[in-house]
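Protein chains get the first letters and strands the later ones, always in sequence-line order, with residue 1 at the start of each. From a predicted model like this one, the values you see are computed outputs, not experimental measurements.
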There are 2 protein chains.
Amino acid sequence: MADLTLEDIARLAGVSRSTVSRVVNEHPNVSADVRKRVLEVIRTTGFHPNLAARTLASNRSWMLGLVLPRTVSGFFADPYFPRLTQGIAQACNDHNYTLALFLVTTKEDEERIFPRVSRKGFLDGVLVQSAAIGDQLIDRLAETSIPMVVAGRPFHAENISYIDVDNVAASRNAMDHLIRLGYRRIAHIGGSPNSPVTLDRKEGYMQALREAGRAVDPALIVDSDFSEGSGYQAMRQLLTMGVDAVFTASDILAIGGMRAVREAGLRVPQDVAFVGFDDLPLTSPIGLGLTTVRQPVYPFGYKAIETLIDVINNGILPPRRVIMDTELIIRESCGAPQER
Amino acid sequence: MADLTLEDIARLAGVSRSTVSRVVNEHPNVSADVRKRVLEVIRTTGFHPNLAARTLASNRSWMLGLVLPRTVSGFFADPYFPRLTQGIAQACNDHNYTLALFLVTTKEDEERIFPRVSRKGFLDGVLVQSAAIGDQLIDRLAETSIPMVVAGRPFHAENISYIDVDNVAASRNAMDHLIRLGYRRIAHIGGSPNSPVTLDRKEGYMQALREAGRAVDPALIVDSDFSEGSGYQAMRQLLTMGVDAVFTASDILAIGGMRAVREAGLRVPQDVAFVGFDDLPLTSPIGLGLTTVRQPVYPFGYKAIETLIDVINNGILPPRRVIMDTELIIRESCGAPQER
DNA sequence: GTGAAAGCGCTAACAA
DNA sequence: TTGTTAGCGCTTTCAC
């Protein structure tokens, strides 16, 4: 019960401290009966090794950091992050790591995390959410040479490991669908300005239009902050432009947009069709299924941690690049052209 | 840049290791000029102390754990937890603690966290989300005598510190409002069964009815799992009972309930009035303000951590009891009786 | 296969 | 005010 040490266990089992350490760490060179005896003592005493001592001696803490930079205010606004965090946490559990969470809100916070987000700060590695352009955090962390993986493409990707989905291709694919359905004025509600994910999805939107021989009308592109309210506002603006379809950078934006459409006395998809992005289990207030790009949020978080563990075990170089698949899920909100 | 130690700094500054340690830890007994000299070396070298070594020597890790038990699946379904986590994380930042996150999903997870959720596992203390009855986690953690605070009243509260809002009084107050407005058949959509918060809000619901001389009709009480969809389902069931008002255990349940009302071709509040609980910045699909009990979710998380720090610094006993205030926010969804 | 012993980098009591 | 020193509990060579 009390604060037992390896030494105590060794005495109780009639062996040396080293032997107990070997048993605890599952080293091969321990005879079967000694191992059994030691394990029995460990079991009955409820002994657990002191992690600080272990970390100090072995230079491995079995602790990973998750950093959400300042510019990712969305942690609260968007259900994406809770879901992502679940995948991350489960991967940590399954691989025997502890997860430390760093929510960076202020400039002060950012400075304060540096002593902690490092090898000497307990962490074996760190997973950082991709941030807006101009956010120096990732570059600064890269300089510390702590094993790091970025969730989402970072702006400066040279020598930085990251995991992402192919946002450009996925968005192009979603747009192709709308174009095939015959919509003529397709708008785009983007995410928060200057973030790679927003840029990539917008790029896919534009590529699809161009490849279809359409002009890109800048007035039909409105950015947001990934919140429902900002999707609503963006749609109100777009409604004055006479659009017949909208591709949004996230489901929550589509939900806000659809709310604006309904408030204007119009119907989805007959008057305005929608395609979203994420396919999180949100409930559409319209009571109709949202056509959307499904990205594997939970597996994404899980895989991100596994990639980080790979970096920790096998070295930072070469930088890892993991791209996960998406899938267009067709439901009602995109409509059918003949009904219009 | 490299891995400097106290010893290195001491050599560079021409002092002893202890002196550097004192400077780093802001001990008073260092002369001004020595302190200045040492700080200068620390600054130019970018030295940060090794936290594992510090923890081992001082038996203090400056790390806190946040545990979400298995029965709190709501981490994903309800925006309450992300918001709570923000308050918790900010308090940790402000008090120089690192936050370790333990999402317990499986029985296996639960076993795996025990070596880690302890003093020897790096943690100075732990904040645990209150769980459903029958969940042994809190009791088991209490036995380890690690400083602990429970967020939300735990079932067995003897000698356990917790922070909560007065759910009974707040619910009674919300119900009094509906009763005053003249509603006759007021239903209740509860949270997940067997959790203290669900029981307390239900108790408030029942107390208000009894004090008003009304009978409690068990058929008008339906539990849920705190998700929008379950609120919707509960309301579908209640609609067959001819209710004219509903008090829900959370806003997200009210939103699901209102969706069911609208789908049935009825109006809020004219046909069915709603009062929710939380006052998180959700957007109601109805496009009308939700009358609700505002609880200070972010400050709640913040205060929970400060309470935990108090327990760490000043001892586990006596158990702390912090009750935070709520406020009934009256908007449109509760209606006015004369309009009915 | 097992034990002895030298650290890991820091804190903190004790001396000076 | 400053330095010396003895650990904190573990891992990890190196002998045997």
From CG of A/Leu56 across to P of D/dT12 the rounded distance in Å is 12 Å
d(A/Arg22 CZ, A/Ser31 OG) to nearest 0.5 Å is 11.0 Å
Note: for B/Ser58 and B/Gly14 on DNA chain D, the residue whose nearest nucleotide lies more 5' is B/Gly14
Taking the side chain as everything from C-beta on, heavy atoms only, tell me whether A/Val149 gets closer than 4.5 Å to A/Arg320.
no
Exercise. Going by an N to O cut-off under 4.0 Å, is there a salt bridge joining B/Arg140 and B/Asp135?
Worked result: no
Sorted by number, residues from residues 17-32 of chain B placing a heavy atom under 4.0 Å from DNA chain D are B/Arg17, B/Ser18, B/Thr19, B/Arg22, B/Asn29, B/Val30, B/Ser31
*Test item: A/Asn93 side-chain N/O and B/Leu103 main-chain N/O as donor-acceptor pair under 3.5 Å*: yes
Whole-Å distance, A/Leu51 CG to D/dC10 C1', equals 11 Å
Between B/Met148 and B/Ile138, is there a side-chain heavy-atom distance shorter than 4.5 Å? yes
Tested for side-chain contact (heavy atoms from CB on, under 4.5 Å) against B/Phe47, the lone hit among B/Leu12, B/Asp8, B/Val24, B/Val38 is B/Val24
Rounded to whole Å, the CG-C1' distance (B/Leu6 to D/dT2) equals 15 Å
Judged by nearest nucleotide, the residue sitting upstream toward the 5' end of DNA chain C, A/Val15 or A/Ala57, is A/Val15
Footprint ends on DNA chain C, 5' to 3', for atoms under 4.0 angstrom from a heavy atom of chain A, come out as C/dG1 to C/dG9
Of the candidates D/dC10, D/dC8, D/dT2, the side chain of A/Asn50 sits closest to D/dC10
Tell me if a side-chain donor or acceptor on B/Asn194 pairs with a main-chain N or O of B/Ile133 at a distance below 3.5 Å. no
task: Would you please confirm or rule out a distance under 4.0 Å between OP1 or OP2 of D/dG3 and any side-chain N or O of B/Ser16?
output: yes
Would you call the rings of B/Tyr97 and B/Trp62 parallel, tilted or perpendicular, taking 30° and 60° as the class edges? tilted
